[in-house]
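Numbered from 1 within each chain, the chains take letters A, B, ... in sequence-line order.
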2 protein chains.
Amino acid sequence: MKSAFESHNHSACADAAMTRATNLAAARGLRLTPVRRRVLEILLERHRALGAYEVLERLAAEGLGKQPPVAYRALEFLVENGLAHRIQRLNAFTACQSVHEDGQAPAFLICRECQTVDELDAADLRDALSTRAGQAGFTVERATIEALGLCATCAGRA
Amino acid sequence: MKSAFESHNHSACADAAMTRATNLAAARGLRLTPVRRRVLEILLERHRALGAYEVLERLAAEGLGKQPPVAYRALEFLVENGLAHRIQRLNAFTACQSVHEDGQAPAFLICRECQTVDELDAADLRDALSTRAGQAGFTVERATIEALGLCATCAGRA
DNA sequence: AATAGGAATGTTATAGCATAACATGAAATC
DNA sequence: GATTTCATGTTATGCTATAACATTCCTATT
């Protein structure tokens, strides 16, 4: 699997994600409605996080909804079902690029230069965090791990 | 050092933090002005994250500023100098409870029940993250590690 | 095929978070 | 004491997010 920072056949990458989403919906009886499907497609266009209002603009241009709740509801659906992630640092959303258990969100690498967002499996980091938290009597339910920095490409350019 | 979740002599805890802040300001030639000092005191009242507008209400009640930029500027100053932290998940701010290098923010444990926020030293987690990111050619500049869950006290109550 | 119940979407309105831009004032430096 | 720098005051606005209610669309059941 190529990282989001490397150049790759992106349409294959997006197609694969759409296929995973379609299969997941079928398996779980989720309704991947036109708005939801379209929002996921929009997020999949690039390895970048989009704000809800950016998504909404796109939807509006296509006649799929003009008000914020339309975008927020679709995004919420995608996030709840692991098809997209919310990037807290950016107040924005990105399509899920990997496969992982529910609630087991990966860590994110966010390039401050090109805004590309990549996922990193974070199982070990989450485990370490849970262990340490557990020592303080704290039960971790959801962990957010986000790194801001420079990707290789942008570092090379500078 | 007691965790924020345990009952403790909180005024001593807040005083110690204020003293650290005063010393840091002196050492670095920072200006801990009345507004900045007061904002830090307000954050130190409890181990909870406060939104900028909550801080602003307090300031306004005391005649220290009525407009959002007053609160945001003071908070920005505190965060930049490591005296407070921004909790991304909450869009809120909390006083720093520990001592750490610049930019080396700790991990946060956020109880979803009592809203208490505690810090955990995250040096090892950050290192692990940086190493893993480095394998993908990514240079981590700042890492956000936040865990949402239940503290021992609240878990016991349920 | 009618219909009842639930799920999704449409719509209005508003709440909450954050900053740009410019004016004024205070403090340190020269 | 003039200059420069930093902090604060103020106005205005932009971005992010959700509550609440109306309507439409599916689905399952009769």
Side-chain angles (χ1 to χ4, degrees), chain A residues 21 25-26 28-43 48-81 83-94 110 115 144 146, chain B residues 21 24-40 42-43 48-81 83-94 110 115 144 146 148:
Chain A
R28 292 203 200 160
L30 302 176
R31 291 170 57 187
L32 201 52
T33 62
V35 180
R36 292 168 175 177
R37 170 174 286 271
R38 192 69 193 110
V39 169
L40 182 53
E41 286 170 357
I42 290 168
L43 291 181
R48 238 199 79 207
L50 291 186
Y53 280 75
E54 291 181 89
V55 170
L56 181 59
E57 268 180 37
R58 295 288 306 276
L59 291 179
E62 300 171 16
L64 277 173
K66 305 192 214 308
Q67 296 77 21
V70 175
Y72 278 100
R73 284 193 285 231
L75 289 166
E76 183 186 25
F77 169 87
L78 295 172
V79 170
E80 269 175 4
N81 291 288
L83 298 172
H85 300 288
R86 182 192 184 96
I87 306 297
Q88 302 284 352
R89 279 198 83 91
L90 305 177
N91 290 326
F93 302 83
T94 186
I110 308 161
Q115 274 80 52
T144 302
E146 297 175 358
Chain B
L24 182 90
R28 291 202 200 161
L30 302 175
R31 292 169 58 188
L32 200 53
T33 62
V35 179
R36 291 168 176 177
R37 170 174 286 271
R38 192 69 193 112
V39 168
L40 182 54
I42 290 168
L43 292 181
R48 238 198 79 208
L50 291 186
Y53 279 72
E54 292 181 90
V55 170
L56 181 58
E57 271 181 33
R58 296 288 307 274
L59 290 179
E62 301 173 15
L64 278 174
K66 307 193 212 310
Q67 296 77 21
V70 174
Y72 279 100
R73 285 193 286 231
L75 289 165
E76 183 186 24
F77 169 87
L78 295 172
V79 169
E80 269 176 4
N81 292 287
L83 298 172
H85 301 288
R86 184 193 182 93
I87 306 297
Q88 304 283 352
R89 277 199 86 90
L90 305 176
N91 290 327
F93 302 84
T94 185
I110 308 161
Q115 274 81 53
T144 301
E146 296 175 357
L148 191 68

From CD of Q88(B) across to P of dT16(D) the rounded distance in Å is 14 Å
Strictly under 4.0 angstrom, non-hydrogen atoms only: write out the protein contact profile of nucleotides 4-12 of chain C, one letter per nucleotide from the 5' end, B, S or -. ---SSBBBB
Whole-Å gap separating P (dA15(C)) and OH (Y72(A)): 17 Å
Got a second to check how far T144(B)'s OG1 is from I110(A)'s CD1, nearest 0.5 Å? 7.5 Å
CG of L32(B) versus P of dA28(C): gap in Å, rounded? 14 Å
Taking side chain as C-beta onward, heavy atoms only, is L43(B) less than 4.5 Å from L83(B)? no
Just the rounded figure in Å: distance from P of dA7(D) to CG of L78(B). 12 Å
With sequence neighbours left out, write down each residue that passes side-chain contact (heavy atoms from CB on, under 4.5 Å) with Q115(B), or none if nothing qualifies. R48(B)
Roughly how far, to the nearest 0.5 Å, is CG of L40(A) from CG of N81(A)? 11.0 Å
Nearest whole angstrom, please: distance from the C1' of dA19(D) to the CD of E76(A). 13 Å
Using atom CG of N91(A) as one end and atom P of dG16(C) as the other, report the distance to the nearest whole Å. 16 Å
Exactly one of L59(B), V55(B), V39(B) should register a side chain to side chain contact (heavy atoms under 4.5 Å, CB included) with V70(B). Which one does? L59(B)
Are E76(A) and R73(A) within salt-bridge range, i.e. N to O under 4.0 Å? no
Rounded to the Å, how far apart are R37(B) CZ and dT8(D) P? 13 Å
dist L78(B):CG -> T94(B):OG1 (nearest 0.5 Å) comes out at 11.5 Å
DNA chain D-proximal residues of residues 52-59 of chain B, any heavy atom under 4.0 Å: none
Just wondering, do Y72(B) and F77(B) contact through their side chains at under 4.5 Å, heavy atoms? no
